[in-house]
Amino acid sequence: MPRIYLSAPDIGKLEQAYVNEAFATNWVAPVGPHIDAFEKEFSQVVGTKYAVALSSGTAALHLALRLAGVTAGDEVLCSSLTFVASAAPITYLGAHPVFIDSDEVSWNMDPALAIEVIEKKVRAGKIPKALVLVHLYGQSADIQPIKECCDKHGIKLIEDAAEALGATYKSGTPGSMGWAGIHSFNGNKIITTSGGGMLVTNDEKLATTARFLSTQARDPAPHYQHTTIGYNYRMSNICAGIGRGQLSELSKKVARRRSHFAAYQEAFKPFPGVTMQPEASWGKSTHWLTCLTIDPSKSAVSREDVRLALEKEDIESRPIWKPLHLQPIFAQAEYHGRGASDRMFEHGLCVPSGSGMSDSERNRVIDSMVKLFSK
Ligand SMILES: *Cc1c(COP(=O)(O)O)cnc(C)c1O
């Protein structure tokens, strides 16, 4: 039986057609009509005025942080329970991440804790330049209270929605509510361009400057003149073609991932100690990955028992992200928490959730896990 992956690419026929069109018209690189169309279609889907197509989500975050004015020695607040790419660009600029723990209702940044830390820093006269708010595993964080506090103190809110395309927050979408938002089209994300990212914003100057910096900061002159240092961060027209095809199927992909979560939830109901990631009341999660925690004091097996048993059956599963405040590279970083993300990491597991995963593959995963839980 073939290996079942956590989240494999799910590519359709339209992607192929758009790529063929790029070849046929010789719009292979560097720019081209698919990029403009992808940006327009994407901004409509997420509900922002502007979208800038880039080579990765990490690049988008780097540009947003630089344009937020983050420089060496500054502090930037950031969710602790996330992938390293949420914080790495803070360090590219010589700034220091300050990590904030999760709440229990969404697994994302705890708003009460974030506000407490911000107010304390404001009183001490050291106002953070920006705050990176992550929307983990397809679920929006509670944006509003954090945004209000950031706005009050002139802190730029940058939303990392790399895992949350297609999710909702109240009447909006995660990634579109802050000063800037970023998305990722890496191979395992909800849609992929093979590799790529998007910066979204309602701030025209941010969009224009990001586009300028992403193409080596060329001043408008025929002779390649530069007054600032830029990057080679622009998306190619080929990748944008793949992205357009993928985006057209977004709602189907979200529905499929949600149906995986529902099937797992139903199957694991009888087992004490097995708890699904909760869905917060303020929006709809895409369940990019189905996540659950296994309490070994109540369950027959531990998280690691399950992960290793699945691996033996060629089924990929992974622990929840290791919180960044526990990463060796951030051992010296400031952290504020109450142990929530530590517990989620210790007991949490992500199970196969790709939109291309068949019912029979999903049943294979469920059967294996039910057997373990019934021990
Ligand atoms: C994938 C991911 C990123 C980085 O996106 P890339 O396109 O891979 O650079 C950033 N933050 C989070 C939370 C992610 O999951």
Side-chain angles (χ1 to χ4, degrees), residues 5-9 38 42 46 51-66 76-92 97 99-100 102 106-109 130-141 143 157-167 169 173-175 178 180-200 210 214 231-236 239-240 242-243 246-247 257 277 285-291 318-325 327 329-330 341 344-345 348 350 353-354:
Y5 291 96
L6 210 52
S7 180
F38 187 35
F42 195 88
V46 302
V52 181
L54 300 165
S55 54
S56 71
T58 312
L61 208 44
H62 185 195
L63 287 175
L65 285 161
R66 172 162 158 189
V76 175
L77 268 56
C78 182
S79 310
S80 184
L81 187 64
T82 183
F83 180 47
V84 68
S86 303
I90 298 169
T91 70
Y92 299 172
F99 295 115
I100 309 289
S102 299
S106 70
W107 293 15
N108 287 307
M109 186 185 284
L131 183 149
V132 177
L133 179 60
V134 183
H135 307 295
L136 212 62
Y137 297 122
Q139 170 151 273
S140 180
I143 304 167
L157 175 60
I158 301 172
E159 294 179 71
D160 178 347
E163 302 179 2
L165 177 60
Y169 177 77
T173 67
I182 73 106
H183 290 269
S184 167
F185 314 121
N186 193 13
N188 62 355
K189 296 290 157 66
I190 196 144
I191 69 167
T192 184
T193 60
S194 78
M198 194 74 85
L199 178 69
V200 295
S214 75
Y231 314 90
N232 184 4
Y233 276 175
R234 196 76 163 121
M235 180 179 279
S236 84
C239 293
I242 302 172
Q246 289 269 289
L247 191 63
R257 290 195 190 246
Q277 178 185 17
S285 169
T286 65
H287 293 298
W288 168 60
L289 293 184
T290 288
C291 303
R318 275 183 196 276
I320 299 299
W321 296 123
K322 180 172 184 171
L324 297 183
H325 74 272
Q327 294 287 353
I329 188 68
F330 294 124
S341 58
M344 287 156 193
F345 168 60
C350 312
S353 313

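Each ligand, and each atom within it, is numbered from 1 in the order the structure gives.
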Counting from 1, what ligand 1 atoms have a heavy atom of [X] closer than 4.0 Å?
X      : value
Gly196 : 7 (O)
Phe83  : 2 (C), 3 (C), 14 (C)
Ala162 : 2 (C), 3 (C), 10 (C), 11 (N), 12 (C), 14 (C)
Ser56  : 7 (O), 9 (O)
Ser86  : 11 (N), 13 (C)
Ala85  : 3 (C), 4 (C), 10 (C)

Would you check if the side chain of [X] reaches a backbone N or O of [Y] as a donor-acceptor pair within less than 3.5 Å?
X      : Y      : result
Gln277 : Cys291 : no
Ser285 : Gly138 : yes
Ser80  : Pro323 : no
Thr192 : Lys189 : no
Trp288 : Ser353 : no

Exercise. Check the pair Cys78 / Ile90 against side chain to side chain contact (heavy atoms under 4.5 Å, CB included), numbers first and verdict last.
Key: CA-CA 9 Å; Cys78 182; Ile90 298 169; 4.1 Å; yes
Q. Where does Thr82 meet ligand 1, judged by heavy-atom distances below 4.0 Å: at the side chain, the backbone, both, or neither?
A.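 Side chain only; the backbone of Thr82 stays clear of ligand 1.
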* Ring centres of His135 and Tyr169 under 6.0 Å apart? ->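 Ring-ring flag for His135/Tyr169: false, centres at least 6.0 Å apart.
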Check your understanding: Does the gap between the ring centers of Tyr92 and Tyr231 come in under 6.0 Å?
Key ->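 No, too far apart.
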How far is [atom] from its nearest protein heavy atom, and which residue and atom name does that atom have?
atom                    : value
atom 9 (O) of ligand 1  : Thr58 OG1, 2.5 Å
atom 15 (O) of ligand 1 : Glu163 OE2, 2.6 Å
atom 5 (O) of ligand 1  : Ser184 OG, 3.2 Å

(request) Decide whether His62 and Tyr233 meet the rule of one side-chain donor and one side-chain acceptor closer than 3.5 Å. (result)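 A pair is found: one side chain offers a donor N or O, the other an acceptor, under 3.5 Å apart.
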Does ligand 1 have an atom that lies less than 4.0 angstrom from a heavy atom of Lys189?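 Under 4.0 Å: yes for Lys189.
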Practice prompt. Just go through Ile182, Asn186, Thr193 and tell me whose heavy atom is the nearest to atom 8 (O) of ligand 1.
Written response: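 Comparing heavy atoms across Ile182, Asn186, Thr193, the nearest one to atom 8 (O) of ligand 1 lies in Asn186.
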Practice task
Check whether any N or O atom of Asp160, backbone or side chain, sits under 3.5 Å from an N or O atom of ligand 1, and answer yes or no.
Solution key: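 Indeed, backbone or side chain, Asp160 has an N or O that close.
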